[in-house]
Amino acid sequence: MTLETISTNTAFGGVQGVYKHRSASTGTDMTFAVYVPPHEQGTKLPVVWYLSGLTCTHANVTDKGEYRRACAELGLIFVAPDTSPRGEDVPDDAESAYDFGLGAGFYVDATEEPFAQHYRMRTYIEEELPELIAAHFPVDKSRQGIMGHSMGGHGALTISLRNPGQFKSTSAFAPIVSPLNCPWGHKALGGYLGPDQSAWVEYDACALIASGARLPDLLIDQGEADNFLTEQLKTHLLTEACETADQTATIRMQLGYDHSYYFISTFMADHLGWHAERLKA
């Protein structure tokens with residue numbers, strides 16, 4: 001549970017920190033960011049987890065997400081993990097592709113070699129990092145929300161669906177809703193988990209909903225000008241899955257918005273307000 005502080009900065013009366021620790025799950029050093037809003041000493045605060053997309057580290061949302069003012073006003077801790085293990089001994093895609101290997105952990109526990117030893121992002125996000133955060137920050141473990149973007153949206157949806165009751169609120173920006181039905185998903189899940197697609201189902205939000213998993217509520221924003229929408233994201237599959245299963249969901253198509261952090265930052269405060277309403281004591 002040893003934690004190394006890389007940096008801290010005051011922002012909107014709170015503290016934005018970047019930290020590093022040795023992960024038992026991945027067998028590597030892992031870096032993450034935490035924003036703690038201003039609060040009275042001894043107060044336990046709700047926390048929102050943000051899972052980033054392909055190629056990202058903790059720094060993308062920390063630098064461009066524009067969440068600190070809203071978190072300070074709403075009293076939310078904001079946690080931004082990395083997207084994969086990293087280090088000289090961590091295997092990468094043979095062609096250094098952006099959609100597999102480093103920066104593309106897909107929030108799975110890999111079973112295929114040579115990835116099985118280090119690519120254990122599911123265990124890291126579901127178990128190890130929450131324990132570390134609770135040990136070092138003023139977190140109310142009974143009030144947790146989760147959100148993410150693209151690959152991170154896939155992670156947020158599937159992690160929340162697999163762990164009923166752990167997260168009181170779940171939202172996503174432009175999530176990969178069905179890895180079973182898109183090229184990114186086939187490459188990642190095939191590479192990490194092998195060719196048997198029955199092992200992929202627990203990492204597919206639409207399949208989990210179809211099999212009976214449910215969330216109290218769900219908020220999705222998707223840009224209509226997103227160049228990944230048709231081939232990779234396929235938001236309509238989530239809409240259909242929620243309608244068929246009577247899963248409560250607000251799925252909003254946003255005219256003119258693409259896949260970038262210009263889109264995410266535009267709706268970030270709205271999502272955080274939505275989480276805060278559901279994370280009230």
Ring centres of Trp49 and Phe78 under 6.0 Å apart?
no
Establish whether Phe173 and Leu219 are linked, either directly or via other cluster members, by ILVMFWY side-chain heavy-atom contacts under 4.5 Å.
no
His275 vs Ser171, test: side chain to side chain donor-acceptor pair (under 3.5 Å). Steps then yes/no.
CA-CA 8 Å; His275 282 275; Ser171 76; 2.8 Å; yes
For Tyr35 and Pro38, the nearest pair of non-hydrogen atoms, with its separation, is OH-CD, 4.0 Å
Using only atom types and a distance under 3.5 Å, with no angle test, would you say the side chain of Thr43 pairs donor to acceptor with the backbone of His39?
no
Decide whether Thr123 and Ser25 meet the rule of one side-chain donor and one side-chain acceptor closer than 3.5 Å.
no
Side-chain touch Ile220/Thr250, heavy atoms, less than 4.5 angstrom
no
Give a yes or no on whether Leu76 and Phe12 share a hydrophobic cluster (residues Ile, Leu, Val, Met, Phe, Trp, Tyr; joining criterion: side-chain heavy atoms under 4.5 Å apart).
yes
Pair Phe100 + Phe115: ring centers closer than 6.0 Å
yes
Distance in Å, Leu157 CG paired with Ile146 CD1, rounded so as to fall on 0.5 Å steps:
9.0 Å
Under 6.0 Å from the CG atom of Asp89, do we count more than 12 heavy atoms belonging to anything else shown?
no
From Asp221 CG over to His149 NE2, what is the distance, rounded to the nearest 0.5 angstrom?
11.0 Å
Measure from the side-chain N and O atoms of Arg278 to the backbone N and O of Gly145, and report whether any donor-acceptor pair falls under 3.5 Å.
no
Check: Leu215 and Gln247 side chains under 4.5 Å, non-hydrogen atoms
yes
Taking the side chain from Ser211 and the backbone from Leu208, do they hold a donor-acceptor pair closer than 3.5 Å?
yes
Interatomic spacing from CD1 in Ile264 to NE2 in His259 - rounded to 0.5 Å:
7.0 Å
Identify the heavy atoms of Pro114 and Pro91 that sit nearest to each other, and give their distance.
O-CG, 3.2 Å
May I ask you to decide if Thr26's main-chain N or O and His118's side chain share a donor-acceptor pair within less than 3.5 Å?
yes
Between Gly103 and Ser84 the two heavy atoms that sit nearest each other are N-OG, 2.8 Å
Between Arg22 and Gly27, is there a donor-acceptor pair closer than 3.5 Å when you use the side chain of the first and the backbone of the second?
yes
Can you check ring pair (Phe, Tyr, Trp, His ring centres under 6.0 Å) on Tyr262 and Tyr257, steps first, answer last?
CA-CA 8 Å; Tyr262 294 108; Tyr257 286 92; 9.9 Å; no
Do Met30 and Met121 make a side-chain contact, defined as non-hydrogen atoms from C-beta onward lying under 4.5 Å apart?
yes
Distance (rounded to the nearest 0.5 Å) between Ser160 OG and Arg214 CZ:
13.0 Å
Verify whether the ring centers belonging to Phe106 and Tyr119 lie closer than 6.0 Å.
no
So does Met151 get a backbone contact from the side chain of Tyr107, meaning a donor-acceptor N/O pair under 3.5 Å?
no
Check for a donor-acceptor pair, side chain of Trp200 on one end and backbone N or O of Gly194 on the other, with a separation under 3.5 Å.
yes
Find out whether Tyr19 and Thr31 are in side-chain contact, i.e. whether some heavy atom of one side chain is under 4.5 Å from a heavy atom of the other.
no
Donor-acceptor check, side chain of Asp204 to backbone of Ala207, threshold 3.5 angstrom: yes or no?
yes
Using the rule that Ile, Leu, Val, Met, Phe, Trp and Tyr join whenever any side-chain heavy atoms are under 4.5 Å apart, tell me whether Val15 and Val34 fall into a single cluster.
no
Scanning both residues in full, the closest heavy-atom pair of Gln16 with Ala33 reads NE2-CB, 3.7 Å
Do the non-hydrogen side-chain atoms of His58 and Ser52 ever get within less than 4.5 Å of each other?
no
Would you call Asp140 and Leu45 a side-chain contact if the rule is heavy atoms closer than 4.5 Å?
no
How about CZ on Arg69, more than 12 heavy atoms from neighbouring residues, nucleotides or ligands closer than 6.0 Å, or not?
no
Between Thr57 (side chain) and Ala59 (backbone), is there a donor-acceptor pair under 3.5 Å?
yes
Count I, L, V, M, F, W, Y as connected when their side-chain heavy atoms are under 4.5 Å apart, and connections chain through other members. Are Leu238 and Met147 then in the same cluster?
no
Find the distance between CG (Asn163) and CD1 (Ile125) and round it off to the nearest 0.5 Å.
12.0 Å
Rounded to the nearest 0.5 Å, what's the gap from OH on Tyr203 to OG1 on Thr158? Could you check?
8.0 Å
Check Arg143 against Leu279 and note the closest heavy-atom contact, atom names and distance.
CD-O, 2.8 Å
I'd like to check Gln254 versus Gln222 (side-chain heavy atoms, cut-off strictly below 4.5 Å). Are they in contact?
no
Ring center gap for Trp184 and His154 short of 6.0 angstrom:
no
Honestly curious: do Tyr50 and Ile159 fall in one hydrophobic cluster under the side-chain, below-4.5 Å linking rule?
no
Do any N or O atoms from the side chain of Lys20 and from the backbone of Asp29 form a donor-acceptor pair under 3.5 angstrom?
no
Do the side chains of Asp270 and Arg252 get close enough for a salt bridge, i.e. N-O under 4.0 angstrom?
yes
Please report the shortest heavy-atom distance between Pro216 and Thr248, naming the atom on each side.
O-CB, 4.2 Å
Check whether more than 12 heavy atoms from other residues, nucleotides or ligands sit under 6.0 Å from atom CD of Glu113, and answer yes or no.
yes
Does Lys234 have more than 12 heavy atoms from other residues, nucleotides or ligands lying within 6.0 Å of its NZ?
yes
Before we go on, tell me: are the rings of Phe32 and Tyr124 under 6.0 Å apart, centre to centre?
no
Between Glu127 and Arg120, is a salt bridge (charged side-chain N to carboxylate O under 4.0 Å, His left out) present by the stated rule, with each step listed?
CA-CA 11 Å; Glu127 300 176 16; Arg120 299 185 55 79; over 6 Å; no
I'd like to check Lys187 versus Asp93 (side-chain heavy atoms, cut-off strictly below 4.5 Å). Are they in contact?
yes
